[in-house]
Protein chains: 2
Amino acid sequence: MLTIGTLAKKTGTKVQTIRYYEQIGLMPEPGRTEGGQRRYGDAELDRLSFVRHARQLGFSLDAIRELLDLSDHPGKSCAEADAIARRQLKQVEQRLARLEALRTELKRMVHECSGGQTSDCRVLEVLRDHSECLTDHEEISA
Amino acid sequence: MLTIGTLAKKTGTKVQTIRYYEQIGLMPEPGRTEGGQRRYGDAELDRLSFVRHARQLGFSLDAIRELLDLSDHPGKSCAEADAIARRQLKQVEQRLARLEALRTELKRMVHECSGGQTSDCRVLEVLRDHSECLTDHEEISA
DNA sequence: TTTACATCCTCTAGCTACTGTAGGTTCAAG
DNA sequence: CTTGAACCTACAGTAGCTAGAGGATGTAAA
């Protein structure tokens, strides 16, 4: 039986985060000691590892909820899990494209900085100059 | 003189966002009509364009505040603006590295999906299997 | 001039995914 | 039996907006 602190260490999660996951229904309510402290078993360790791993891969909590649901019902079709992963991959590729464009622009800003006064600073100039925008009014959710 | 709605359209910002920027002190309090509606001039249009451009480049509102401050004092050294841009570039490159690793892993998950039942699903398996982690307990803020 | 209606106003609450704090209790070691 | 780390609940705060309620204003046509 693990305390919440031990579980936290084993999974690289903060204690509060585990309690938060319980609150939003992502983790089950665990057993308690007589004094009211949470005690966890291996099932919870596995579940939390799954959640953290998915988070590291950039899945949203909602997506993880779906994945956990699929994983709890082994008879269901794999297609759904695959669809979720594909959606995720698409998002990642979009972010990559934007970040790459971004890196180019930032590099240019940095390399062209003359080192003088801000009145001549390329960094500020680039930000002021709207004509050099990649695309107008498009957001980067980096 | 521009209404807030016109300013919003010209800069690709939502009306609420402009009011929010005013609230947090990123945009100045504009003049008002007798009836109390906001009216903007070219200075505000420029400032908001600067802000939105910087946001598109992934700068935080705090960083933008610094940049605006530098830009308001043209005598200051360019070095600070350069430092902010360099910090930003570094962050972008870190994110890129993580996202690339992520893409590789997601691609593997998707390609190995057998199409059968969830009990054999590689997607879920990969998420359960902690040994295939890139690095332990490291977060991706994608 | 009146009426219609888009746009504006303030205020409040909600979103994601946590993180931090205050004030108090429990557990395990010595 | 005492100490002190770790636990508990409850609430507030973070970034960067976004949405909605309920009402006022501005403008253009009838």
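Note that this is a predicted model, so its numbers are computed, not measured.
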Audit row: A:Thr6, A:Lys9, side-chain contact (heavy atoms from CB on, under 4.5 Å) steps and yes/no: CA-CA 5 Å; A:Thr6 313; A:Lys9 253 172 226 153; 5.7 Å; no
message: Using a 4.0 Å heavy-atom cut-off to protein, can you give one letter per nucleotide of nucleotides 20-29 of chain C, 5' to 3': B if the base is in contact, S if only the sugar-phosphate is, - if neither?
response: BB----BS--
- prompt: Choosing from C:dC9, D:dT9, C:dT19, which nucleotide comes nearest the side chain of A:Tyr20?
  reply: C:dT19
field: Over all atoms of both residues, closest heavy-atom pair of A:Ser49 and A:Thr11
entry: OG-CG2, 3.9 Å
- prompt: Starting at CD of B:Gln23 and ending at C1' of C:dT12, how long is that distance when rounded to a whole Å?
  reply: 11 Å
- request: Rounded to the nearest angstrom, tell me the gap between atom CE in A:Met27 and atom P in C:dA17.
  value: 17 Å
message: For D:dG16 and B:Tyr21 - does any side-chain N or O of the residue sit under 4.0 Å from the phosphate oxygens OP1/OP2?
response: no
Nearest-angstrom distance from the residue atom CG of A:Asp62 to P of C:dC15: 11 Å
- line: From CE of B:Met1 across to P of D:dG26 the rounded distance in Å is 15 Å
message: Measure CG/B:Leu48 against C1'/D:dC17 and give the value in whole Å, please.
response: 14 Å
message: With side-chain contact (heavy atoms from CB on, under 4.5 Å) as the criterion, how do B:Arg55 and B:Thr17 come out once you've worked through the C-alpha distance, each side chain's angles and the decisive distance to 0.1 Å?
response: CA-CA 12 Å; B:Arg55 284 295 296 143; B:Thr17 305; over 6 Å; no
task: State whether B:Arg55 places a side-chain N or O below 4.0 Å from either non-bridging phosphate oxygen (OP1 or OP2) of D:dC17.
output: yes
field: Charged N-O contact under 4.0 Å between A:Asp69 and A:Arg65
entry: no
task: Decide, yes or no, whether a salt bridge links B:Arg38 with B:Glu44 under the criterion of side-chain N to carboxylate O below 4.0 Å.
output: no
- request: Using a heavy-atom cut-off of under 4.0 Å over every strand shown, decide if A:Ile4 touches base, sugar-phosphate, or nothing.
  value: sugar-phosphate
- prompt: Between B:Arg65 and D:dA15, does any side-chain N or O lie under 4.0 Å from OP1 or OP2?
  reply: no
message: Between A:Arg47 and A:Tyr40, do the side chains contain a donor N or O and an acceptor N or O under 3.5 Å apart?
response: no
field: Spacing between B:Glu22 atom CD and C:dC11 atom P, to the nearest angstrom
entry: 12 Å
- prompt: For the pair made of CD1 in B:Ile24 and C1' in D:dA15, what is the distance, rounded to whole Å?
  reply: 9 Å
message: Can you confirm whether A:Asp72 is buried at CG, in the sense that more than 12 heavy atoms of other residues, nucleotides or ligands lie under 6.0 Å from that atom?
response: yes
Side-chain N,O (B:Arg38) to OP1/OP2 (C:dC8) below 4.0 Å: no
task: Select base, sugar-phosphate, or nothing to describe what A:Phe59 touches, counting heavy atoms under 4.0 Å on all strands.
output: nothing
message: Can you work out whether B:Thr17 or A:Gly5 has the more 5'-proximal nearest nucleotide on DNA chain D?
response: A:Gly5
task: Nearest whole angstrom, please: distance from the P of D:dC17 to the CD1 of B:Ile18.
output: 12 Å
